[in-house]
Amino acid sequence: MRIETGDSGEPELFIQFQYRPDPEKTGQEGTWRKKRLTEAAEKVKALLPTLEGADDFVTALMTPAPTETEKDRALLEKYLAQYTARNTMDYFIHKDLGGFLRRELDFYIKNEVMRLDDIESADAPRVETYLAKIKVLRRIAYYLIDFLAQLEDFQKKLWLKKKFVVDTQYCITLDRIPVEFYPEIAVNDAQREDWVTLFAAHELEGYSNPLSVEFLHLHQQLIVDTELFSETLRDQIVAGIEELDQSLHGILLHSDNSQVLRLLSPKYQNSVQTTYIDPPYNTGSDGFIYKDSLKSSSWTSMMHERLAAYASLMSDKGVIFCSINEVQRAELDWCMRSVFGTENRVEELIWARDTVSNNSPAYSTNHEYIEVFAKSKARVEAEKSMFREERPGYFEVRELIDRIGNEFPPIAEVEGALKALYTEHRDQFILEAQELGLSKAEAKKADPWKGLYPYRFAEYRDADGKLVEEVDAKKMMASIWVYREVEPSMPSGKQASDIRDSNSDNFRFYAPPHPITERPCKPPKRGWAFPQKSIGTRPSFEGYRDDHRIVFKADENSIPQLKYFLHEVGSVVSTSVIRQYSDGEPKLEALFGEKGFIDNPKPPALVEKLVRQTTDKSSWVMDFFAGSGTTASAVFDANRADNGQRRHILCEVGSYFDAVLKPRAIKSAYSSSWSEGAPIEKDGVSTLIKYHRLESYEDALNNLSLTPSPDISQAGVDFARDYMLRYWLDFETKGSSSLLNIEWFDDPTAYKLKIKKPGTDEYVEKAVDLIETFNWLIGLHVEHLDRWRGYDAVFKREIDPELPEDSSTRLMLDGALKETDGGAWRFRKVEGYTLRTPGDHNDREKVLVVWRKLTGDLEQDNLMLDEWFRKYRVSAQDTEFDVIYVNGSNNLPNLRQAEETWKVRLIEEAFHQAMWDVEG
């Protein structure tokens, strides 16, 4: 603490603090900080009066500056609080730091430096001196701002850059792999151990160590992980898969979701139908890291950026569900309204977890929220199948009827089978619910099938819906229709006056004759739901009776009932309150045989319900806060339920990816039911899942390399200063591997980065997957991904009179191009298409990508390229492909297309343009 004379000649008080963590910190953060601030203020108040010449400062700092909660606060406490706040903020990469600081500088000069009263009362020389000082301050500040802006803009560029794919692998069921590869798979010990861990393979028939080829034939739903094999085997297997992308059931990405969403955009723009996310709830124990004073703003900034990056992926009828609790509910609602528009808010769902905490000091909170937004609310509301769900149990009933229907059993047998199905489900559900702590009465109330149990009657009808007697069912090839009986009475409430007028066509208290006793049957208390006779196309009692939809009881004393057929009400409108057990953790424990993998995972049945409400059988489903992989499990369950082919895209950045997400996706494909880590059901599905690992922002930083500074001493002081303040980083990091060094594209398999190993602090040098990265960058839907193929040739020179005199011979092949595994020239082709109109697979641009390893001899390399095109009968001038990409300089004939584009394009140019085509 000291007093010095300032530039104005007036004394200035300096009180120096150092902000650092307190190792003795205890208790709640806010309370601890307030205590430290009080101690600091008391110390200043005690020492300041002892400082010579400090009387005026004592008076000023003791000036009251009260707030609503701190009535006795002085100006000193206000300044201390401001100082602490500046040191407890989170740090983000600023989108325009230079502009922001220049505006703040102008504001500071106008409000803190340029005092109009001083200017008005001063003479001209003093004003000139005053203005000169401001100019100097501004000039120096601009230099500092330029340098800081250079650093921040460089970080922003590095963050927004689309990241490299550093690893690509596949999980493939054996039934999709040619048997020629089985011997190599069978002797792979790592794969055998993986199957034992994941699927309890040691308990399967025919298991041995090592495995036999016969074992693989017996268990075709076992899933091969190509990460455990050589790149050669992986590429050979993939090369044999036609319509590669169309065959995928899922894509898993290990990366920060912000990077993933930007990478996905060129390919999946306007394509994702349903997205479910369960972001960190900002509770302090959910893995979301932030500084204390800006918890909410940090979380909100994170969510807003990701939602904005995701929005373009939604299809025209796309919807997003986002789980949240009360902590950040308001902030999430603001984010979603800001990104998707208030007009596209669909609903706020309430998930009632059906669990009670007896340790809660007040109410036991047993619900969470799910915010629902659409890309276009009008579009989804016009889609009649949206936000409806199949009646619980409907699939099982249909499955039963389909199974026994071909035998044309007696109706009594059908109704007996229905009763047995209902009883089995009810007993099993109550048992499971009681194990979770519910009473029998609560379990019955929560039973999702309870609305199905009244559908206990059955009859035969033909293809036209006409009633068929059971003795004629087989001859008529009739189908079983399941129904319930309902009293067809008028709804409650005010009704038209003519319903009681017996002379009116709308009379509803008629008494139809009983078909056996011929006496009049009494009407419902509120009258019939329809008139007795038809009026136009309106339903009527006689119409239903003639169609055998009226059920008359034993005599006229019972009200006739109307048949409600199950298949006509197979789906129901979804409600905004969802009752679903919070059994995410027990499900995960059953899957892995261990506890504690992840806190509070969502129940797969909850996510499955949302997926089935909003997708068709071939939709893309996404989760970019994938966590434990609940969404992948839910999609597999939904597909099993209705024989669908939905596909999923999941993203996770943490260690959960390898520990939980990937194995869960694989296990969910292998079996629908698990206990203690072992499969119960043998209902594995044929599966192809691709997974990527992307370069991280930290990887991009760690792979920067600075080249020596150029000698700029002769260029002048102003140039040297501007170079250091504005251009230094861009120039001296040029050529860094993480910034895309296209000179390394001569060998696409040798482009390497130092990558942090998952779950460790160790960095390893790893080859980048340039081929997959480029596919993503241009939005390529891959139809065929060939393996690397080697070629050799013998060359000769022949005189060509059409060439200039100084180069009269042309390089030619002496014989045919020969494909050999060890060939010096290597090629790999990718065939597919991009979409001219995002999301419209009918508006395609056919694409061929040719990668090659260059030898350094340009003439030979290009001759081999020409011969390769001839060998595979591909021409740059025909119409088979709309665009052809090739790495390295080439002399392929080219065609100018619309909008000044060319048919044959350099991969390096397209790669650079797409990787740095960023907004922000």
Test item: side-chain donor near acceptor, Arg176 and Ser686, under 3.5 Å: yes
Would you please indicate yes or no on a ring centroid separation below 6.0 angstrom for His781 and His841? yes
Stepwise side-chain contact (heavy atoms from CB on, under 4.5 Å) test for Asp658 and Arg693: CA-CA 11 Å; Asp658 289 298; Arg693 303 184 197 277; 2.8 Å; yes
The reported gap from CD in Glu908 to CG in Asn741 (rounded to nearest 0.5 angstrom) is 11.0 Å
Can you tell me if NZ on Lys871 sees more than 12 non-hydrogen neighbours from other groups inside 6.0 Å? yes
With no hydrogens and no angle check, do the side chains of Thr855 and Gln860 hold a donor and an acceptor under 3.5 Å apart? no
Would the Trp825 and Phe795 ring centres measure less than 6.0 Å apart? yes
Return yes if some donor-acceptor pair links the side-chain N/O of Asn257 with the main-chain N/O of Phe624 below 3.5 Å, else return no. yes
Tell me yes or no: between the side chains of Ser696 and Asp699, is some donor less than 3.5 Å from an acceptor? yes
Looking at Trp788, is Lys853 sitting on its ring face, NZ or CZ under 6.0 Å from the six-membered ring centre and within 45 degrees of the normal? yes
Is there a donor in the side chain of Asp747 and an acceptor in the side chain of Thr749, or the other way round, less than 3.5 Å apart? yes
Are Thr733 and Leu706 packed together at the side-chain level, in the sense that at least one heavy-atom pair is separated by less than 4.5 angstrom? yes
Supply the atom-to-atom distance Ile185 CD1 to Leu228 CG, rounded to the nearest 0.5 angstrom. 11.0 Å
Should the pair Phe164 and Phe911 be assigned to parallel (<30°), tilted (30 to 60°) or perpendicular (>60°) ring geometry? tilted
Can you measure from CD (Gln150) to CG (Leu97) and round to the nearest 0.5 angstrom? 12.0 Å
Ring-face cation of Arg852 near Phe827 (centre distance under 6.0 Å, axis angle within 45°): no
Applying salt bridge (charged side-chain N to carboxylate O under 4.0 Å, His left out) to Asp146 and Arg726, what does each step give before you reach the verdict? CA-CA 6 Å; Asp146 284 345; Arg726 300 176 183 173; 3.2 Å; yes
Between Glu909 and Tyr885, do the side chains contain a donor N or O and an acceptor N or O under 3.5 Å apart? no
OG1 (Thr773) and NE2 (His692) are apart, to the nearest 0.5 Å, by 8.0 Å
Judged by modelled atom types alone, do Tyr691 and Lys662 share a side-chain donor-acceptor pair under 3.5 Å? yes
Glu227 vs Tyr170, side chain to side chain donor-acceptor pair (under 3.5 Å): CA-CA, chis, key distance, verdict: CA-CA 7 Å; Glu227 188 173 38; Tyr170 296 84; over 6 Å; no
May I ask you to check whether Ser628 and Arg664 show a side-chain donor-acceptor distance below 3.5 Å? yes
Indicate whether any N or O donor in one side chain lies under 3.5 Å from an N or O acceptor in the other, for Gln169 and Thr226. yes
Is there a donor in the side chain of Asn703 and an acceptor in the side chain of Ser738, or the other way round, less than 3.5 Å apart? no
Nearest-0.5 Å distance, CG of residue Asp866 to CZ of residue Arg870: 5.5 Å
Audit row: Tyr310, Glu305, side chain to side chain donor-acceptor pair (under 3.5 Å) steps and yes/no: CA-CA 9 Å; Tyr310 154 78; Glu305 183 203 3; over 6 Å; no
Between Thr173 and Gln220, does the side chain to side chain donor-acceptor pair (under 3.5 Å) criterion hold? Intermediate values first, please. CA-CA 7 Å; Thr173 46; Gln220 291 280 284; over 6 Å; no
